[in-house]
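Atoms considered below: every heavy atom in the structure, side chains included; atoms not considered: hydrogens, waters and symmetry mates. When a ligand or atom number is given, it counts from 1 through the structure's own listing order.
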Amino acid sequence: MKLQRLAVIAVLTMVVLACAKAENKVEYPENFQSWNHVKSMVLYADHALADPFEGIHHIYANDIALDGFSNSQFAEGSVIVFDLFHSNEGGGALQEGDRKLTGVMVKNSKHFSKTGGWGFEGFAGDSTDQRLVSDGGAGCFACHEAQVKDSDYVFSKPR
Ligand code: HEC
C-alpha cells in the first residue's frame, strides 16, 4: 500500500514537472503568415548582423501584440515572428530562396522573467520542432536588451 502511494506521488510529480517544462517552451507559431504583417527587410552580406541574419526577412505579429508597437509595452500573450529566407539575386530581381529560420518572441512575464518577460526561440529552416536556442534565450535577449530596452525589447515598428 505504502509503495503504491509512493508510486502515485512519483508519477504525479513527473506529470507536474513535464507540464511546467512545456509551459516554459516557446510554441511554434502555427499559421503566423496570416497574422499582421509588420515589416520586411533585406540584409546584405556587409550588414553588421549578416551572420546569421543575411537574407530577406518578414516580421509578423498576432493581434494581441499590435498595441505594443505604439505603447512600447506589449500585452501578455503577444507573439512576434521573424521569418528569414535566403535571398537570390539575378535577372534584375531579388527573390526569396529557402527559409533559413523562423525566430519567435512570446510575451509571458511569469515564465520568461529572466529575459525581459519574452520567450525567445528559433526554428531551423521549415522545421516546426527543430529548435535553435539552447541558452534559454540569453543570447537573443542580450542584443535586444542592449539596443531596444525602451520599446519593451522590440526593434521593429509597423510601417
Ligand atoms: C545581434 C543582435 C540580435 C540578436 C542576437 C538577435 N536579434 Fe532578434 N532582432 C534584431 C534586430 C536588429 C531586429 C529588427 C529587424 C527589423 O527591424 O526588421 C530583430 C527582430 C527580432 C524579432 C521581431 C521583433 C522585433 O524585436 O523587432 C524577433 C521575433 C526576433 N528578433 C527574435 C530573435 C531571436 C529568437 C533571437 C535569438 C535566436 C534573436 N532575435 C537574436 C537583433 C538581434
Side-chain angles (χ1 to χ4, degrees), residues 18-90 93-159:
C19 290
K21 213 175 164 200
E23 280 174 1
N24 288 341
K25 259 190 175 180
V26 172
E27 302 270 322
Y28 179 81
E30 296 289 345
N31 298 322
F32 66 83
Q33 292 94 335
S34 65
W35 296 359
N36 309 284
H37 174 244
V38 178
K39 64 169 289 199
S40 296
M41 187 175 178
V42 179
L43 265 62
Y44 293 105
D46 58 353
H47 191 278
L49 302 181
D51 181 16
F53 300 125
E54 180 184 357
I56 303 175
H57 69 250
H58 309 287
I59 293 177
Y60 301 89
N62 67 358
D63 288 345
I64 300 173
L66 284 184
D67 285 346
F69 290 101
S70 40
N71 294 348
S72 294
Q73 179 60 54
F74 287 80
E76 297 294 306
S78 294
V79 184
I80 314 180
V81 178
F82 177 101
D83 200 21
L84 175 64
F85 296 82
H86 289 276
S87 58
N88 297 325
E89 202 162 3
L94 189 69
Q95 298 203 58
E96 276 180 14
D98 292 338
R99 178 179 272 115
K100 276 178 125 175
L101 61 88
T102 301
V104 185
M105 288 171 67
V106 175
K107 187 76 183 273
N108 184 327
S109 303
K110 199 172 133 210
H111 291 133
F112 305 112
S113 56
K114 288 185 190 144
T115 46
W118 288 100
F120 288 85
E121 186 56 275
F123 295 89
D126 286 324
S127 172
T128 58
D129 59 8
Q130 199 185 325
R131 293 169 180 269
L132 296 171
V133 170
S134 55
D135 61 357
C140 310
F141 180 59
C143 181
H144 281 242
E145 183 187 28
Q147 298 194 44
V148 282
K149 197 173 180 185
D150 292 346
S151 51
D152 203 4
Y153 312 107
V154 171
F155 281 93
S156 47
K157 301 262 180 251
R159 303 280 148 183

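Heavy-atom minimum distance, Val81 versus Pro29: CG2-CG, 3.7 Å. The nearest pair of heavy atoms linking Ile64 to Ala75 is CG2-CB, 3.9 Å. Ser78 approaches Asn62 most closely through the heavy-atom pair CA-OD1, 3.7 Å. Heavy atoms only, all atoms of each residue included: Gly119 and Val26 are closest at C-CG2, 3.6 Å. When all heavy atoms are compared, the tightest approach of Leu132 to Glu121 is N-OE1, 3.4 Å.
For ligand 1, the atoms sitting less than 4.0 Å from at least one non-hydrogen atom of Cys143 are 1 (C), 2 (C), 3 (C), 4 (C), 5 (C), 42 (C), 43 (C), numbered in the order shown with element in parentheses. Annotation for ligand 1: atoms under 4.0 Å from non-hydrogen atoms of Ile80 are 23 (C), 24 (C), 29 (C). Each of the atoms 38 (C) of ligand 1 lies under 4.0 Å from some heavy atom of Val133. Per-residue contacts place Ser156 under 4.0 angstrom from the following atoms of ligand 1 (heavy atoms of the residue considered): 24 (C), 25 (C), 27 (O). Near Met41, with a cut-off below 4.0 Å to any heavy atom, the atoms of ligand 1 are 16 (C), 18 (O).
The nearest heavy-atom contact from the protein to atom 35 (C) of ligand 1 is Glu121 O, 3.1 Å. Of all protein heavy atoms, the one closest to atom 18 (O) of ligand 1 is His57 NE2, 2.6 Å. Phe82 CB, 3.8 Å is the protein heavy atom nearest to atom 22 (C) of ligand 1.
For atom 8 (Fe) of ligand 1, the nearest N, O or S atom contributed by His144 is named NE2.
Counting heavy atoms under 4.0 Å from ligand 1, residue Lys39 touches it through the side chain alone. With a 4.0 Å heavy-atom cut-off, ligand 1 is reached by the side chain of Leu49 but not by its N, CA, C or O.
Compare Ala146, Ala65, Ser78, Cys140 by their heavy atoms: the one nearest to atom 39 (C) of ligand 1 is in Cys140. Which of His47, Met105, Lys157, Glu145 comes nearest to atom 28 (C) of ligand 1 through a heavy atom is settled by distance: it is Met105. Of the candidates Phe53, Phe155, Trp118, it is Phe155 that places a heavy atom closest to atom 25 (C) of ligand 1.
Residue Leu132 places every heavy atom at 4.0 Å or more from ligand 1.
You'll find the ring centres of Phe112 and Phe141 outside the 6.0 Å limit. Separation of the Tyr60 and Phe82 ring centroids does not fall under the 6.0 Å cut-off.
Remark: of the listed residues Lys39, Arg99, Lys100, Arg99 is the sole one forming a salt bridge (charged side-chain N to carboxylate O under 4.0 Å, His left out) with Asp83.
A donor-acceptor contact shorter than 3.5 Å is absent between the side chain of Trp118 and the backbone of Gly137. Judged by distance alone, with hydrogens and angles left aside, the side-chain atoms of Asn108 form a donor-acceptor pair with the main-chain N or O of His111 at under 3.5 Å.
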